[in-house]
Amino acid sequence: MTTPDEHTPDRPNGASFPTTRLRRLRQHPAVRALVQETRLHPGNFVLPLFVRTGQGVRTAIGSMPGHFQLSVDQIPAEVEQARALGLGGVLLFGIPDHKDALGSDSTSDQGIVQQAIRAAKQAARDVLIITDVCFCEYTDHGHCGVVSDRTGRVDVDNDPTLELIATQAVSHARAGADMVAPSGMMDGMVGAIRQRLDATGYSHLPILSYAAKYASAFYGPFREAAESAPQFGDRRGYQMDPAASPEQALREVALDLAEGADLVMVKPALAYLDILRAVRERFPGVPLAAYNVSGEYSMVKAAAQLGWIDERATALESLLAMRRAGASILLTYWAKDAARWLS
Ligand code: PBG
């Protein structure tokens with residue numbers, strides 16, 4: 001016999017069936033809509049763009065259907081579209097012709113990404129331009145900074161890299177970037193950028209830190225898109241180990257905030273929803289971004305092309321999951337499509 005106050009796991013609050021019928025909240029579409037808590041909005045989407053040298057270039061990225069390497073002259077139209085769709089912003093990645101050991105194009109005011117920033121700003125001043133601050137697309141070895149064997153292991157040398165990261169960030173600021181997003185996972189990168197920006201008249205410029213960025217196989221298609229695959233070794237000496245304690249991600253976020261990060265990111269997104277949730281809970285007031293990375297996009301695209309999955313429904317459900325886990329900002333290759341699907 002069941003007594004009214006008996007508490008069983010499938011009958012929360014002791015309510016007994018059929019008094020509690022959760023399907024009452026699901027039957028009427030209007031009731032379903034009424035009780036929704038997680039909603040997607042184009043204003044939270046950021047569109048990544050790849051910029052390369054040349055004129056009239058629109059090279060399809062094979063593993064990322066719908067995305068292209070674009071020359072600078074193509075950027076105004078993209079930024080206009082971002083504005084028309086009400087996107088939260090665009091994130092620029094540069095692919096220079098000339099790569100060298102120090103990634104010198106990335107710190108030059110005439111560099112590819114600096115040209116793209118100026119073109120974007122001329123086209124639409126009010127569209128938020130975020131820049132990826134890193135070296136892997138600019139170095140001939142494909143690593144995210146200055147490589148040395150000082151420690152007995154060939155790896156990115158942290159402190160000499162900080163100097164270059166700060167120089168790159170200021171160069172982006174001078175070109176007109178609205179926000180800089182360091183993605184190299186160097187210790188002290190946020191502090192180095194903050195100090196340099198403050199010292200050069202850009203104390204108003206926010207930093208979106210790739211705070212908890214994992215060494216992930218899900219970046220595979222991006223490395224084709226940005227031509228940034230490491231020529232030897234891997235990135236495990238600087239990006240986080242997926243098997244590390246989630247507390248390590250929280251330490252990374254805490255350090256970046258202490259160094260002056262204004263917004264923080266978890267990357268990738270789908271396989272790291274637990275990390276998003278943990279960051280959201282530990283740092284409730286901090287704007288949190290999720291990077292829905294290239295591999296997450298390509299998998300769905302490929303399955304959709306084979307007729308195995310519904311791209312639109314899968315993409316929107318994934319983005320919703322990232323929001324539900326705690327991210328307010330979604331960096332996604334679906335930014336334009338999702339904005340259209342939602343309208
Ligand atoms: C580094 C950078 C990478 C991505 C964003 N910034 C590549 C990497 O760390 O290897 C990956 C983004 C994606 O996969 O969509 N500049």
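Atoms within each ligand, like the ligands themselves, are counted from 1 in listed order. The structure presented is a predicted model; accordingly, all values stated were derived computationally and were not measured. The basis for the numbers below is simple: all heavy atoms, side chains too, and nothing from hydrogens, waters or symmetry mates.
Near Phe93, meaning under 4.0 Å from any of its heavy atoms, are these atoms of ligand 1: 5 (C), 6 (N). Ligand-side atoms of ligand 1 in range of Tyr291: 12 (C), 15 (O), range being under 4.0 angstrom from any heavy atom. Residue-ligand proximity, Arg235 to ligand 1, at heavy-atom distances under 4.0 Å covers atoms 8 (C), 9 (O), 10 (O). Below 4.0 Å from some heavy atom of Tyr333 lie the following atoms of ligand 1, by number and element: 12 (C), 13 (C), 15 (O). Taking a cut-off of under 4.0 Å to the non-hydrogen atoms of Lys213, the atoms of ligand 1 that pass are 1 (C), 2 (C), 3 (C), 6 (N), 8 (C), 9 (O). Ligand-side atoms of ligand 1 in range of Cys136: 1 (C), 16 (N), range being under 4.0 angstrom from any heavy atom.
One option in Arg223, Met64, Glu137 has a heavy atom closer to atom 10 (O) of ligand 1 than any other, and that option is Arg223.
Classified by interplanar angle (parallel below 30°, tilted 30° to 60°, perpendicular above 60°), the ring pair Tyr297/His67 is perpendicular. Between Tyr333 and Phe50, the ring planes are parallel. Angles under 30° get that label, and only those over 60° would be called perpendicular.
Within the 4.5 Å cutoff, the side chain of Ser108 has no heavy atoms near those of the Gln114 side chain.
Taking CE of Met179 as the start and CD1 of Ile130 as the end, the distance is 5.0 Å to the nearest 0.5 Å.
Residue Ser228 has no nitrogen or oxygen atom sitting less than 3.5 Å from a nitrogen or oxygen atom of ligand 1, judged on distance alone.
The protein heavy atom nearest to atom 5 (C) of ligand 1 is Lys267 NZ, 2.6 Å. Protein heavy atom in closest approach to atom 12 (C) of ligand 1: Phe222 CD1, 3.3 Å. Summary of contacts: the protein heavy atom closest to atom 14 (O) of ligand 1 is Ser294 OG, 2.7 Å.
With side-chain heavy atoms closer than 4.5 Å counting as contact, directly or through intermediates, the hydrophobic cluster containing Trp308 also holds Leu306.
Remark: Thr139 pairs with Phe135, His141 by the side chain to side chain contact (heavy atoms under 4.5 Å, CB included) rule, at least two apart or across chains.
Within the 6.0 Å centre-distance limit, the rings of Phe232 and His143 are counted as a close aromatic pair.
Under the 4.5 Å side-chain contact rule for hydrophobic residues, Leu255 and Ile193 do not share a cluster.
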